[in-house]
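Only one structure is covered here, and it is reproduced in the block below.
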Amino acid sequence: MWFNGLLDLSVPQLLLVALALTHVTIVSVTLYLHRHSAHNSLDLHPALAHFFRFWLWLTTAQNTKEWTAIHRKHHAKCETEEDPHSPVVLGIRKVLLEGAELYAEAATPETLQRYGQRTPEDWVERTVYTPHKHWGIILMAAINLMLFGVHGIWIWAVQMLWIPVWAAGVVNGIGHYLGYRNFECADNARNISPIGILIGGEELHNNHHTYPNSSKLSRRWYEVDIGWGYIRLFQLFGLAKPKGYRPIAHYVPGKQEVDVETVQAIANNRFDIMRQYRKRVMEPVLRQQKALMDEEVRPRYRKLKRLLSREVTLIKPREQEHLESVLERHDILRQIYEKSHELQALWRQRGLKPQEKLQALMDWCKDAEASGIRYLEEFAAHLRAYSLRPA
Ligand SMILES: [Zn+2]
Ligand SMILES: [Zn+2]
């Protein structure tokens, strides 16, 4: 009996237990380390926060200050030489295979000092978790052996590999490399899958980089963020309070007058506005133009579709050349492309006074409405209806 440990479980049961244990670890990372500690987008009851901290010590040897500091630096320096784990800079192989090593390298005293503010420094952190960060995983190995016998060894190995592979490797690597983009945020973040269960919703990485202060990572009706499900569940028991997930702008049907609030609402909601511009203006105009495209352009239609709305800093020189040559041949595409950049100037251009921004938006709408391009006219009317307050 000792061979199978105190619980004496069958292999399917053991597999389920391994999955459940690693799931608790993933939930601890996404809720506690990521949303609560690094981004402060989630308040947690101290008891629940400490449970997660204890569990992470037990299963990952991960220190809250280190993780938090490295992650905040990742957002602050995204896809630059200073980003601790950018596949754009370091290559996907390195981030996928050496994710955990990159964390260890990045945890310098300067980084911890600069980005590690507001992390636990209580007695148990100072005397146990930080100085004895590996005791937890040793204790876990002993518990596993006791409960699951020899099977405790592979369960422990799976537990030890889970975060380096899924979080450090897959989220940090694939999440900045492959997948779809809902929003044109300034870095290369992507949503790996619309159903975020395996890694607790962290699959929705483009949404997260676009709205880093939101505790909810899903943005479209078909996206599922299981971390958000847990937050709502804990909230029912008074153990969690999400922040930053409410709408930052309101659409007021029938509103026609552009005012300072409209400008503010549009700027707050800029990523969503630009997504709507892509859907409501760029794509329909592009579809109309497709019939007129010559042999050189048509095969690259899908690429062109992406390039037209791509964040400018992410367009490579060769892509820029291609885009320019198409815009030269299709005047209507040039018009809608330029209008998209004029609109973005509202929040990209620094130092504009509110009144100047208001004038710029009014001019933008007037021009769009006089452009003779139906989709652009309709979009201007759509923009006018934005406000900071609901109807
Ligand atoms: Zn990222
Ligand atoms: Zn983050």
Side-chain angles (χ1 to χ4, degrees), residues 26-44 52 56 62-92 94-96 98-100 102-103 105-107 111-112 114-119 163-193 196 198-219 223 225-228 230-231 242-245 271 311 313-314:
I26 280 291
V27 173
S28 307
V29 170
T30 184
L31 260 57
Y32 170 72
L33 285 179
H34 194 197
R35 304 183 209 202
H36 168 74
S37 179
H39 292 290
N40 192 24
S41 68
L42 172 69
D43 285 337
L44 288 174
F52 286 138
L56 288 164
Q62 192 59 254
N63 170 281
T64 304
K65 191 189 264 304
E66 282 182 12
W67 196 97
T68 300
I70 293 167
H71 188 73
R72 286 180 186 155
K73 189 176 182 185
H74 163 60
H75 278 270
K77 307 284 180 187
C78 205
E79 327 293 17
T80 69
E81 295 285 332
E82 287 177 84
D83 184 340
H85 44 68
S86 167
V88 176
V89 176
L90 300 167
I92 184 70
K94 193 167 174 78
V95 180
L96 264 181
E98 298 171 36
L102 290 172
Y103 267 80
E105 280 168 32
T111 297
L112 299 192
R114 168 117 199 250
Y115 296 99
Q117 310 295 322
R118 300 185 311 280
T119 46
I163 294 302
V165 170
W166 287 111
V170 174
V171 177
N172 293 341
I174 306 289
H176 281 264
Y177 193 72
L178 276 180
Y180 67 98
R181 278 167 74 83
N182 271 341
F183 306 105
E184 287 303 319
C185 58
D187 52 58
N188 202 34
R190 278 142 199 280
N191 291 335
I192 304 169
S193 141
L198 201 58
I199 16 184
E202 296 287 326
E203 289 92 339
L204 298 162
H205 207 59
N206 171 257
N207 295 354
H208 170 58
H209 270 260
T210 306
Y211 298 102
N213 299 322
S214 168
S215 50
K216 184 181 178 192
L217 306 185
S218 54
R219 286 276 153 179
E223 291 171 343
D225 163 19
I226 199 170
W228 177 248
Y230 289 120
I231 290 173
K243 296 189 270 188
Y245 67 95
F271 295 106
E311 154 66 31
T313 54
L314 297 178

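Whatever order the structure lists ligands and atoms in, that order sets their numbers, starting from 1.
The Zn ion (ligand 1) has an N, O or S atom of H205 inside 2.8 Å of it. Within the 2.8 Å limit, H85 places no N, O or S atom next to the Zn ion (ligand 1).
Residues that satisfy the salt bridge (charged side-chain N to carboxylate O under 4.0 Å, His left out) test with E105, not counting sequence neighbours, are absent from this structure. Applying the salt bridge (charged side-chain N to carboxylate O under 4.0 Å, His left out) test to K65 and every residue at least two apart in sequence or in another chain returns E121. Residues passing the salt bridge (charged side-chain N to carboxylate O under 4.0 Å, His left out) test with E79: none are found, sequence neighbours excluded.
In this structure, E203 contributes its side chain and G201 its backbone to a donor-acceptor pair below 3.5 Å.
For the atom pair NZ of K94 and CG of L96, the computed distance is 12.5 Å after rounding to the nearest 0.5 Å.
Two residues are said to be in side-chain contact when any heavy atoms from C-beta on lie closer than 4.5 Å; R219 and Y211 meet this criterion. A heavy-atom distance below 4.5 Å is found between the side chains of H71 and H39.
Any protein N/O/S atom under 2.8 Å from the Zn ion (ligand 2) was counted, giving 5 altogether.
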